[in-house]
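Worksheet: the structure to be examined is printed underneath.
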Amino acid sequence: MEVAPETEHQNVNTGENPADNAVIYADNKKENETKNSLRNGVLSVIGASFINLIYPSIFSLCTFVVYQTSYIKNNGGNVNINHTMFYYPVILLFQSIFGLIAGYIDARLHVHWSNLLGSGLVILGSLILYLSKSFALDMVSMAVYGISIAFIMFPATTNACKYFMKHIGLINGIIETVISLGSTFFAFIGERVINPDEIPSRDDDFFYDNEIAKRMKTFLLIQMGCVAGVFIIGLFLNKRYQEEDEGKSDKNEQDKNLAVSNNNDTNNDKDDKIAKKNLRKEKLKKALKSWEFWRFNIISLSMSPINNMVFSMYRGIGESKKINQTVLQLIGTLNFIVEVIFSFIYGILCDYVNFKILLFTMNIMGTVVGFIYCLSFGHTFFFTFLTLLITVQGSAYYSLKDYHLMKVFGTDIYIDISGFLCLFTGILVIILTFITYWVEQVLEEKDTAYWIMFCIFGGINGIGLVLGFFEKDTPFDYGENLSQN
């Protein structure tokens, strides 16, 4: 009769009560999961930053395409300075097209496989460019580069942001800043390797002598080595976000009450995957039919093409307008420095400042520069200032676009939505590039071509400026049957 009280007393003093042990176990488990999630999140942000360094290694090549076309020209190729304007638009177009496929792959494969595929394609594109002696083969290389970007940037960035949903702007800002730092690095290395003595181009065709142009091949070898290095580092650091972690807090509550239902263990994995796949399809379908998507798509069309075109064309414009070679190299360096600073600033502002205000600042810059950029030709300081202003707009755009799409439509369909936006942008840039090229080649009116193109940019930015006042920074309403990620 005395044994029972003694046993009960021992259980209380030694903490062996099963209910107490369950609570302690659940609390420790939750704390460990939180620490692991934070650690994996930080590592994934660092890993995504390294992976995304592959992008500026490609983007910097667009700054140096005048050396590549010079190499083609010196080896008997049929090119002129106007061909340099096609390199980046082709990259953008194929990045856009395969961005849609990247969303499909990311939903089914580990982020490492997407990055591995993208990194391999970058090296393939560089090998093609290294061996190329024709403009057509160069365009094949640019297409491969565009495909690679789709499999590198979108999945890695999305995976990192999923760990910090309350700080998407900051995470995007950090990654964009690292990309900008990479652009600065590759621009500096490229200039030092290809044209360290700042020798100007020829007066007759604006191309460079072969002794300078062939150093582009050396830079490509350096780029391929850097791509392999940053991919390996990023591969080990990047930790895939597990969607099922979202339900762990509920499971811990059940552990505390010792009432874990056996029904949670009977779900069929195959049925669950099918359900998630169908849910994702329905969300994407509803998002693409919404006015919210098309409104922001038009706003994106107003912001993205002008900074893409200016960044890819300013070197050729400067060469044709006889702007000093030292100034052009300085503009290139300042572009990347400005990109670093404002990518981080706008990334942080996303989390704290009204989105409409940030959109307004970007569209104002694009509208003003679009209508007056051609007035700066021949005026070194004015040309430099406006080129840098468009770089600010571009930095702001990429930070805000990713933040806005993830915040409004959710991370599960972000890659698909972003792919559609990029597709429309790529098509518009290609159309405008062909219009500019046609006016220059057929009508032989280079200044007229530039006026037409940049006035179109200014007008589109004006439309985006008006639509920006109606933009909302709240999660999209999918309805009761579709959950917001």
Side-chain angles (χ1 to χ4, degrees), residues 57-91 122-146 186-227 309 311-333 377 433-434 436-442 444 446 449-450:
S57 77
I58 298 172
F59 198 45
S60 61
L61 294 176
C62 297
T63 308
F64 305 130
V65 293
V66 65
Y67 297 116
Q68 177 65 17
T69 48
S70 296
Y71 179 80
I72 295 172
K73 181 73 173 181
N74 296 331
N75 284 274
N78 183 24
V79 292
N80 58 52
I81 195 66
N82 295 327
H83 285 84
T84 59
M85 71 174 67
F86 284 99
Y87 281 73
Y88 187 71
V90 171
I91 291 177
V122 173
I123 294 177
L124 175 61
S126 296
L127 284 173
I128 295 173
L129 194 61
Y130 182 85
L131 299 173
S132 173
K133 290 184 179 180
S134 69
F135 179 72
L137 201 55
D138 277 13
M139 291 299 99
V140 173
S141 173
M142 296 303 109
V144 174
Y145 278 144
F186 284 108
F188 176 80
I189 294 298
E191 291 291 359
R192 299 286 78 78
V193 170
I194 301 172
N195 193 6
D197 299 321
E198 300 178 1
I199 299 173
S201 59
R202 298 190 292 256
D203 292 333
D204 56 341
D205 57 6
F206 310 115
F207 285 127
Y208 291 85
D209 294 334
N210 203 46
E211 185 64 29
I212 297 173
K214 68 181 182 181
R215 294 176 194 155
M216 180 73 175
K217 307 301 181 181
T218 304
F219 177 65
L220 285 170
L221 293 176
I222 295 173
Q223 183 234 20
M224 283 187 275
C226 290
V227 167
M309 293 293 285
F311 203 88
S312 62
M313 292 177 61
Y314 84 87
R315 190 69 180 254
I317 292 174
E319 297 281 359
S320 64
K321 296 300 179 181
K322 299 297 183 182
I323 292 179
N324 187 275
Q325 185 67 213
T326 303
V327 173
L328 289 177
Q329 291 192 3
L330 177 63
I331 292 174
T333 303
F377 298 167
T433 301
F434 271 106
T436 305
Y437 182 80
W438 181 80
V439 173
E440 286 189 9
Q441 293 294 107
V442 178
E444 297 183 353
K446 183 170 292 188
Y450 289 145

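Note that the structure is a prediction, hence the values are computed from the model and not measured.
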Is any side-chain heavy atom of K217 closer than 4.5 Å to one of Q68?
yes
Minimum side-chain heavy-atom gap M142-Y88 below 4.5 Å: no
With heavy-atom distances below 4.5 Å as the criterion, would you say the side chains of R215 and Y67 are in contact? no
CD1 (I194) and CD1 (I189) are apart, to the nearest 0.5 Å, by 11.0 Å
(Q) Quick check: do V122 and Q223 have side-chain heavy atoms less than 4.5 Å from each other? (A) yes
Interatomic distance, CG@D197 vs CD@E191, rounded to 0.5 Å, equals 12.0 Å
Residues L220 and S126: closest non-hydrogen pair is CD1-O, 4.2 Å
For this session: Please indicate whether F188 has more than 12 foreign heavy atoms, meaning atoms of other residues, nucleotides or ligands, lying under 6.0 Å from its CZ.
Result: no
Closest heavy-atom pair, A213 versus S70, reported as atoms and distance to 0.1 Å, is CB-CB, 3.8 Å
dist I58:CD1 -> Y87:OH (nearest 0.5 Å) comes out at 15.0 Å
Looking only at heavy atoms, the pair that brings V90 and A143 closest together is CG1-N, 3.9 Å
Interatomic distance, CZ@F64 vs CE@M216, rounded to 0.5 Å, equals 7.5 Å
* Asked: Is any side-chain heavy atom of L127 closer than 4.5 Å to a side-chain heavy atom of M224?
  -> yes
Beyond-backbone contact of F219 with Y130, side-chain heavy atoms, under 4.5 angstrom: no
Distance col, row I128:CD1 vs S141:OG, nearest 0.5 angstrom, shows 5.5 Å
To the nearest 0.5 Å, atom OG1 of T69 lies from atom CG of D138 at 8.0 Å
